[in-house]
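Report on one structure; see the data block that follows.
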Amino acid sequence: MTSSTPSSVAPNPEGQASYNPTDVERKWQERWAASGLNSPDLRRAERAYYQLMMFPYPSAEGLHIGNVFAFTGNDIHGRFERLKGHTVFEPIGFDAFGIHSENYALKVGVHPMQLIPRNIENFRRQLRRVGLMTDWTHELSTTDPAYYKWTQWIFLQLLKRGLAYKKRAAVNWCPECKTVVANEQVINGECERHPGVKVEQRFLEQWFFRITAYAQRLLEDLDWIDWSESTKTAQRNWIGRSEGAEIVFEIGERREEKGETTSGKEVPSGRGGSSRLSPLSSPLSVFTTRPDTIFGATYLVLAPEHPLVPEVTTRERRAEVRAYADRAGKQDLVSRKVTEREKTGVFTGAYARNPATGTDIPIWVADYVLMEYGTGAIMAVPGHDERDFAFATAFGLPIVRVVAGEGQDANTPLAEAYVGDGRLVNSGQFDALGVEEGKQAIVSWLAERGAAKPVVNYRLHDWCISRQRYWGPPIPIIYCDACGAQPVPEQDLPVQLPFIEDFRPDDTGVSPLARHEEWYRVPCPKCGQMARRETDVSDTFLDSAWYFLRYPSTELDDRPFDAEITRRWLPVDSYIGGNEHAVLHLLYTRFITMVLHDMGLLDFEEPFKTFRAHGLIIHDGAKMSKSRGNVVNPDMYINQWGADAFRTYLMFLGPFEEGGDFRDRGISGVKRFLDRLWASVGEAELPERSEEPDPAVMRKLHQTIKKVGDDIGRLSYNTAIAAMMEYMNVLRAGERTARRAEVEPLVQLVSPFAPHIAEELWEQMGHEDSIFTSRWPEYDQGLVAAETIELVVQVNGKVRARIPLPADVGQEEAVAAAASDPAVAKFVTGTPKKVIFVPGRLVNIVV
RNA sequence: GCGAGAGUGGCGGAAUCGGUAGACGCGCUGGACUUAGGAUCCAGUGGGGAAACCCGUGGGGGUUCGAGUCCCCCCUUUCGCACCA
């Protein structure tokens, strides 16, 4: 046992001015590891508390200061909960699959199977130095076959439940990278890594998860889960629920050209019965959130990819429409959606009958309508939609006002789209209704004739999980000519990712695994005929969607997670991470949890009881970046100042949930504080100093205990540290030296922030067990309340005096004391008009 | 454009319920100790003014006995999302 080995740490008599963090920190890190202090017995633990931090991607650059900041904030909360009596589980792992690692491996020419273990080892070394309360016996990596076996298993469960399906979908294709690139990697239509190279659109067969089936539940639970409000808002926006209606339009070719509606500014009469439509296709459905404006719908627009486009287009217009659709199809997916782009489009030659007005309105094809939202078709109301207005203006289509706002009427000209509230006009029997009443009335009116129904739409799309890449878990599917797509039997999992030298993607649009026949040729699990494995791998976000379930059960290889352990430890009590994952990771995790819940494998459907987003660290007022040369290397600071000072400074430089500015000079103040703590304990331990504590100091101590505890609870670490510093200033005011009873609880308060020095001082004070097996000090409510106050005296709201008085002074007494103060009396002439008394705080005399 | 934040001394930041603006720290000034100081300790430190006092939380209005905090308008800025009908 380490306690019997001679300590390399110098003793602390005479209150040495400073201590050597290197020795202290090494000593305690070794001791924690040897004693298993941070590895709770997960099967038996009482008062279980799961303290989770988003696991890092193990980059080659090593631990980023942002990681240290986040991990430290997480650790402080975990250590605090432990001192409050919980058994805390604080695991760690590595999110090591994905395009990030793969691209880096390609760049340096090292195989990811060699690179990743190296990076992870470096991360481990750096993380250990930070002094986290990590349970290293439950470490995991998403690249471990023992882990991704269960990632593949989850895929199969979704498949079984009809929540995984395959379809052709558009992707961004960089001809230079010879691979699919994410939307985020497309800049101005060009590849991020190949400026000047236009990204193209390609269509590939891809696997999807039906997350949209859970859209409503994902939205509703946001009302009760205890998460950062900013994160919940981001999720609500991402899910993007809109209520509206689907409206059906009869479509056809025009036979008679009376009552022209496509030229001039004339208002459609609403009685356009003179023309006749000969049907070209089945009726067309559009989605709108503004059914109230249907009397102003003067044309229809289809997305270029809409399946009815060929049917709808008349023979004369066919060539032009096809050319337009082809051009739109080639464009990359990002620049297609730039708002400022000029509107383009082409007339199909066909017309639709407006079910409200009976008028025939032209059908256009334009790329400002997106196939992936709603029905891929819209009714255009240029009078009340900015995009439709711009389009109608560009192509000379009629613009009709059907909503009149304050001070407007049916004839007020429209210089731009009016999107505000108001009353319906030019809308037949619905005139004078408000916008909201109008929506309801018009939808029910149309619904009677089968022309409309209320519909809810979501912006959320199904989750595409296919990646035509190498560095991920192979999707466990086998394609057989006879039997079709077959799931890999569960007992055959994992489908191991093979080691291949040529993991670089090429321009075939399929994964590098598709070049390895020896790997993908396998017998069909159903009929035994030779068949072919799926060569795509799954998205990294699937790896990270369930890792928190695995941590407590890492030693099991026959199931993803143990039911009993899971009941004891989950859902996660406290989850902390960056807001860059506000939507994707955090939404996918919730989705997978709900699915597992519906399968009866989990008794909760929300994975994280509380989630708090931490802030970002900048350096000397600027974002850290390699090109700026201001990237902070944690090793350097830990070498120079010690992990304790580094941790404490990171938590001191700003509010944890907002981040802050790292300035090198700032650390010295925190280091000085720890040195003063060290000196105080040394002095207090001298025999001649073990006097009775000072009651005034004890009062301050109890106030500090309360404040620090409250602050840690709401992650207000910077103010907790400030409070401890303030107490230190009282403790050592003037030439004063601290007494033992005054300083011992302070060591406990400091321990979540600076665990090593706290352990060392705790030991010096004669304790044999770790400080983290002790209990957080209780504060005395009677001492917390101030005995005397400085009553603020205002005259007309201006501070004129501060008078020391007992805290419980009554109004009469307080006012009398105030009035007799010369500085106050000077401003009070005659009888006051009014006197405000706030007990324990102030008196305001109004004259 | 839409959504969510932020704007307070020379700097990082406090002010939890509408009640002392500037806690705590950095930096700076002066002093003590010292062969020495980039160590330690003590005192001071929003601006103006000799003082009494006056002014001060991005700008302008308002509510209130009282506003950094609440309401309206505007400016700047960070981060998301971006033709979602």
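Just so it is clear: chains get the letters A, B, ... in the order the sequence lines come, proteins before strands, and each one is counted from 1.
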Task: Whole-Å distance separating the CE atom of A:Met651 from the C1' atom of B:G13 - done: 15 Å

TODO: Could you work out the separation of B:A67 and B:C17 based on their C1' atoms and round it to a whole Å?
DONE: 14 Å

Open item on the list: Just the rounded figure in Å: distance from P of B:A85 to CD of A:Glu246.
Closed with: 14 Å

Open item on the list: Both A:Gly666 and A:Gly374 contact RNA chain B. Taking the nearest nucleotide for each, which residue is further toward the 5' end?
Closed with: A:Gly666

Open item on the list: Using O4'-C1'-N9-C4 for purines and O4'-C1'-N1-C2 for pyrimidines, with syn meaning within 90° of 0, is B:G9 syn or anti?
Closed with: syn

- [ ] Identify, with sequence neighbours excluded, every residue that meets salt bridge (Lys or Arg N to Asp or Glu O under 4.0 Å) alongside A:Arg802.
- [x] none

Task: Whole-Å gap separating C1' (B:C81) and CG (A:Asn579) - done: 13 Å

Task: Between B:C24 and B:C73 - P atom distance, rounded Å - done: 39 Å

Open item on the list: Whether A:Asp223 and A:Arg236 form a salt bridge (side-chain N of Lys/Arg under 4.0 Å from carboxylate O of Asp/Glu) is what I want to check.
Closed with: yes

TODO: Describe the nucleic acid contact of A:Lys826 in one word from base, sugar-phosphate, nothing, applying a heavy-atom distance below 4.0 Å.
DONE: sugar-phosphate

TODO: With sequence neighbours excluded, tell me which residues meet side-chain hydrogen bond (donor to acceptor under 3.5 Å, both in side chains) with A:Glu726.
DONE: A:Lys700

TODO: From the options B:C81, B:C54, B:C26, select the nucleotide whose nearest atom is closest to the side chain of A:Arg672.
DONE: B:C26

- [ ] Provide the distance between the two P atoms, one in B:G9 and one in B:G13, to the nearest whole Å.
- [x] 12 Å

- [ ] Under 4.0 Å between any heavy atoms, over every strand shown, what does A:Arg663 touch: base, sugar-phosphate, or nothing? Just pick one.
- [x] sugar-phosphate

TODO: Measure the distance from CD on A:Glu658 to C1' on B:U16 and round it to the nearest whole Å.
DONE: 14 Å

TODO: Assess A:Lys343 against A:Tyr368: is NZ or CZ under 6.0 Å from the centre of the six-membered ring, and within 45 degrees of the ring's axis?
DONE: yes

Open item on the list: For the aromatic rings, using the six-membered ring if either is Trp, is the centroid distance between A:Phe662 and A:Phe69 under 6.0 Å?
Closed with: no

Would you tabulate the pairs of protein nitrogen or oxygen atoms and nucleotide nitrogen or oxygen atoms of nucleotides 42-51 of chain B closer than 3.5 angstrom?
residue : atom : partner  : partner atom : Å
B:C42   : OP1  : A:Gly734 : O            : 3.2

Task: Distance between P atoms of B:G49 and B:A43 (Å, rounded) - done: 27 Å

- [ ] May I ask you to say what A:Ser716 touches in the nucleic acid, namely base, sugar-phosphate or nothing, with a heavy-atom cut-off under 4.0 Å?
- [x] nothing

TODO: From the options B:U16, B:A52, B:G13, select the nucleotide whose nearest atom is closest to the side chain of A:Asp711.
DONE: B:U16

Task: B:G80 and B:A15, which share atom name C1', separated by this distance in whole Å - done: 29 Å

Task: Partner residues of A:His306 under the ring pair (Phe, Tyr, Trp, His ring centres under 6.0 Å) criterion, sequence neighbours left out - done: none

Task: C1'-based separation of B:G59 from B:U76 [nearest Å] - done: 10 Å

Task: Residues A:Asp821 and A:Lys826 bridged, charged N to O under 4.0 Å - done: no

Open item on the list: So A:Lys798, base contact, sugar-phosphate only, or nothing? Heavy-atom distance under 4.0 Å.
Closed with: sugar-phosphate

Open item on the list: How many whole angstroms separate atom CD of A:Glu657 from atom P of B:G13?
Closed with: 15 Å

Open item on the list: Please confirm whether the shortest side-chain N or O distance from A:Lys623 to OP1 or OP2 of B:C79 is below 4.0 Å.
Closed with: yes

Open item on the list: Among B:U40, B:A4, B:U16, which nucleotide has an atom closest to any side-chain atom of A:Thr233?
Closed with: B:A4

Open item on the list: Can you confirm if the NZ or CZ of A:Arg672 lies within 45° of the ring axis of A:Trp641 and under 6.0 Å from the centre of its six-membered ring?
Closed with: no

Task: Results of side-chain hydrogen bond (donor to acceptor under 3.5 Å, both in side chains) for A:Asp644 - residues two or more places apart only - done: A:His756

- [ ] Could you check whether A:Arg241 gets within reach of a base, just the sugar-phosphate, or nothing at all, counting any heavy atom under 4.0 Å?
- [x] nothing

Distances for protein N/O vs nucleotides 19-23 of chain B N/O pairs under 3.5 angstrom?
residue : atom : partner  : partner atom : Å
B:G19   : N2   : A:Gln794 : OE1          : 3.4
B:U20   : O2   : A:Arg802 : NE           : 2.4
B:U20   : O2   : A:Arg802 : NH2          : 3.2
B:A23   : O2'  : A:Glu726 : OE1          : 3.1

- [ ] Specify the separation, in whole Å, of atom CG of A:Asp661 and atom C1' of B:U77.
- [x] 15 Å

Open item on the list: From the set B:A85, B:G27, B:A14, return the single nucleotide nearest to any side-chain atom of A:Val369.
Closed with: B:A85

- [ ] Using the P atoms only, state how far B:C11 lies from B:U57, rounded to an integer number of Å.
- [x] 15 Å

TODO: Taking atom P in both B:C71 and B:G19, compute the distance separating them and give it to the nearest angstrom.
DONE: 15 Å

Task: Chi-based syn or anti call at B:C17, which uses purine or pyrimidine torsion atoms and a 90° bound - done: syn

Task: Below 4.0 Å: OP1/OP2 of B:G80 and any side-chain N or O of A:Ser230 - done: no

TODO: Verify the contact: side-chain N or O of A:Lys671 to OP1 or OP2 of B:A39, cut-off strictly under 4.0 Å; return yes or no.
DONE: no

Task: Of all pairs that satisfy salt bridge (Lys or Arg N to Asp or Glu O under 4.0 Å), the ones with a partner from residues 788-800 of chain A, not counting sequence neighbours - done: none

Task: Nucleotide B:A85, atom C1' - distance to CD1 of A:Ile294 in whole Å - done: 13 Å

TODO: Check ring pair (Phe, Tyr, Trp, His ring centres under 6.0 Å) between A:Tyr588 and all other residues, then give those that pass, not counting sequence neighbours.
DONE: A:Trp463, A:Phe541

Open item on the list: On RNA chain B, does the nearest nucleotide to A:Met725 precede the nearest nucleotide to A:Asp710 from the 5' side, or the other way round? Give the residue.
Closed with: A:Asp710

Open item on the list: As a test of reading the structure: which of B:G12, B:C65, B:A85 is closest to the side chain of A:Thr288, going by heavy atoms?
Closed with: B:A85

TODO: Give a yes or no on whether a salt bridge exists between A:Glu683 and A:Arg736, defined as a side-chain N under 4.0 angstrom from a carboxylate O.
DONE: no

Open item on the list: Could you work out, with side-chain contact (heavy atoms from CB on, under 4.5 Å) as the rule, every residue matching A:Ile618, not counting sequence neighbours?
Closed with: A:Asp661

Open item on the list: The criterion is ring pair (Phe, Tyr, Trp, His ring centres under 6.0 Å); which residues satisfy it with A:His581, sequence neighbours excluded?
Closed with: A:His585

TODO: In whole angstrom, give the distance that lies between atom CD1 of A:Ile667 and atom C1' of B:C11.
DONE: 16 Å

Open item on the list: So, using ring pair (Phe, Tyr, Trp, His ring centres under 6.0 Å) as the criterion, who are the partners of A:Phe652 when residues are at least two apart?
Closed with: none

Task: Dot-bracket notation for RNA chain B, counting Watson-Crick and G-U pairs under 3.5 Å, with | for partners on another strand - done: (((((((..(((......[....)))((((((.......))))))(((....)))..(((((..]....))))))))))))....

